[in-house]
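Please read the structure below before turning to the comments.
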Amino acid sequence: MVSLRRITCFASLLLALSANASTVQLLTHEEEPNNFTKDGAIVGLYPEVAREIQSRLGQSLPITMLPWPRAFAKLQSEPATCILDMGRTPERENKFQWIGPITTGRFGFYAKRSNSLRIHNLAEAKAVDRVLVPNGWYTYELLKKLGFNNLEPTLTPETMVAMLLHDRGKLMFAAAFTLPKLLAKTQARLDDVEMVMLVNQSQSYIVCSQDTPPEFVNAWQHMLVTMKRDGTFRALFQKWRPDDTPPGITPEPYVSITN
């Protein structure tokens, strides 16, 4: 009888989860190798992790690719919305629900190597003519909070890299893991640029709006932990980010240089 009751309760939970899941929209944005479009399909680390979680939970929600500003606007304004891949920061902490961590990012100032520019602190970076950064991204938000008034917003990360290499800005602010792909897209080499100052280290997650059903978020988090324990997550991570280290179950602290 107890066993039957447990089976019945579990079946009811799955039905409730399935019903709630059908109302959730999954969004992402172009940031190779985490999320990107290839031959008309949305691929990358986060989509694969999301699809594996869904497969284990019996879900089949589609993933929609949007420009980052539109995806973030929807997260804040539309019900039951989740974004695959967003940095977890103190300012965002209590505004959303978090599933992860999925990746760890190192962010810093990069300069064109041939310019031999040296930056030792934020004050020196603020004195540079122009700092290139993608408009509306977490990196843009971070520098604005740090008091930068010399930002040059770009439409895309690729535009940012091209402008730096063509001397239309002395510095760019970028994530270390995205740089090789961005440089390749602009026919540049990794040694054409150099990090001149590490500013921030943070982890990124699958993030959901506060009104997303908590049983949906909890089920995804539980399944992600299970995938980390059985090795599935590590295999997916190494497929897309072979030169990086996958985060563990316990989140790492947010680190930010403020002066």
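Annotation: side chain of Tyr110 is not in contact with side chain of Val161 (no heavy-atom distance under 4.5 Å). Using a 4.5 Å cut-off on side-chain heavy atoms (C-beta onward), Asn149 and Lys126 make no contact. The shortest side-chain heavy-atom distance between Phe177 and Thr103 does not fall under the 4.5 Å cut-off. Between Thr89 and Leu142, every side-chain heavy-atom pair lies at or beyond the 4.5 Å cut-off. Side-chain contact between Phe107 and Thr178 is absent, with no heavy-atom pair separated by less than 4.5 Å. Ile206 is not listed as a side-chain neighbour of Leu26, based on a closest heavy-atom distance of 4.5 Å or more. Between Trp68 and Ile83 there is a side-chain heavy-atom pair separated by less than 4.5 Å. Using a 4.5 Å cut-off on side-chain heavy atoms (C-beta onward), Tyr254 and Gln203 make no contact.
Leu122 and Leu151 fall within a single hydrophobic cluster, where Ile, Leu, Val, Met, Phe, Trp and Tyr are joined by side-chain heavy atoms under 4.5 Å apart, directly or via other members. Cluster annotation: Leu27 is connected to Trp98 through the hydrophobic network of ILVMFWY side chains, with a link wherever side-chain heavy atoms come within less than 4.5 Å. The hydrophobic clustering, which links ILVMFWY residues whose side-chain heavy atoms are closer than 4.5 Å, places Trp137 and Met172 apart. No chain of hydrophobic side-chain contacts below 4.5 Å, direct or via other Ile, Leu, Val, Met, Phe, Trp or Tyr residues, connects Tyr46 to Leu182. Following chains of ILVMFWY side-chain contacts shorter than 4.5 Å, one can reach Leu236 starting from Leu57, so the two form part of one hydrophobic cluster.
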#### Entry: Test side chain to side chain contact (heavy atoms under 4.5 Å, CB included) applied to Leu75 and Met86, step by step
CA-CA 11 Å; Leu75 178 68; Met86 189 172 94; 3.9 Å; yes
### Task
Mind running side chain to side chain contact (heavy atoms under 4.5 Å, CB included) on Val43 and Glu48 for me, showing each step along the way?
CA-CA 7 Å; Val43 297; Glu48 279 215 35; over 6 Å; no
### Task
Show the numbers, then the answer: is there a side chain to side chain contact (heavy atoms under 4.5 Å, CB included) between Val128 and Ile119?
CA-CA 9 Å; Val128 170; Ile119 299 294; 4.0 Å; yes
### Task
Apply the test side chain to side chain contact (heavy atoms under 4.5 Å, CB included) to residues Leu146 and Val199: give CA-CA distance (whole Å), side-chain angles for both, the deciding distance (0.1 Å), then the verdict.
CA-CA 11 Å; Leu146 291 173; Val199 176; 4.3 Å; yes
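Glu152 places no side-chain N or O within donor-acceptor distance of the main-chain N or O of Val131, the cut-off being under 3.5 Å. Here the side chain of Asp211 pairs a donor or acceptor atom with the backbone of Ala80 at under 3.5 angstrom. At least one donor-acceptor pair closer than 3.5 Å links the side chain of Thr28 to the backbone N or O of Leu84.
Looking at every heavy atom in both residues, Gln54 comes nearest to Leu61 through OE1-N, 2.5 Å. Considering all non-hydrogen atoms of both residues, Cys82 and Val24 come closest at SG-CG1, 3.8 Å. Heavy-atom minimum distance, Lys112 versus Asp167: NZ-OD2, 3.3 Å. Across all non-hydrogen atoms, the minimal contact from Pro101 to Lys228 is O-NZ, 2.7 Å. Looking at every heavy atom in both residues, Ala125 comes nearest to Asn150 through O-ND2, 3.1 Å. For Val196 against Arg118, the heavy-atom pair with the smallest separation is CG1-NH1, 4.2 Å.
Heavy-atom contacts from other residues, nucleotides or ligands closer than 6.0 Å to CZ of Arg168 number 12 or fewer. More than 12 heavy atoms of other shown residues, nucleotides or ligands fall within 6.0 angstrom of atom CZ in Arg51. More than 12 heavy-atom neighbours from other residues, nucleotides or ligands sit within 6.0 angstrom of CZ on Arg113. Atom NZ of Lys170 sits in a sparse spot, with 12 or fewer heavy atoms from other residues, nucleotides or ligands closer than 6.0 Å. In this structure, Asp191 places its CG atom where more than 12 heavy-atom neighbours from other residues, nucleotides or ligands lie under 6.0 Å away.
Rounded to the nearest 0.5 Å, atoms OH (Tyr205) and CG (Asp85) are 12.5 Å apart. Going from atom CG of Asn200 over to atom OG1 of Thr139 covers 9.5 Å, rounded to the nearest 0.5 Å. Between atom CG of residue Asn135 and atom OG1 of residue Thr154 there is a gap of 7.5 Å, rounded to the nearest 0.5 Å. To the nearest 0.5 angstrom, Arg130 atom CZ is 5.0 Å from Met163 atom CE. With rounding to the nearest 0.5 Å, the separation of CD in Glu141 from CG in Leu143 is 10.5 Å. With rounding to the nearest 0.5 angstrom, the CG atom of Leu224 is 5.0 Å from the CD1 atom of Ile53.
Tyr140 has its ring centre no less than 6.0 Å from the ring centre of Phe72. Aromatic ring centroids of Trp240 and Phe36 lie under 6.0 Å apart.
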Tell me which donor-acceptor pairs under 3.5 Å the side chains of residues 246-253 have, and how far apart each pair is, sequence neighbours excluded?
none

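Side-chain contact check for Thr232 and Arg56: at least one donor-acceptor pair (N or O, by modelled atom type) lies under 3.5 Å. Thr104 and Gln201 share no donor-acceptor pair across their side chains, judged by distance under 3.5 Å alone. Using modelled atom types, one finds a donor on one side chain and an acceptor on the other under 3.5 Å when comparing Gln59 with Trp220.
Just one of Thr212, Thr81, Thr64 meets the side-chain hydrogen bond (donor to acceptor under 3.5 Å, both in side chains) condition when paired with Gln25; it is Thr81.
With respect to Lys181 and Glu31, no salt bridge is recorded, no charged nitrogen being found less than 4.0 Å from a carboxylate O.
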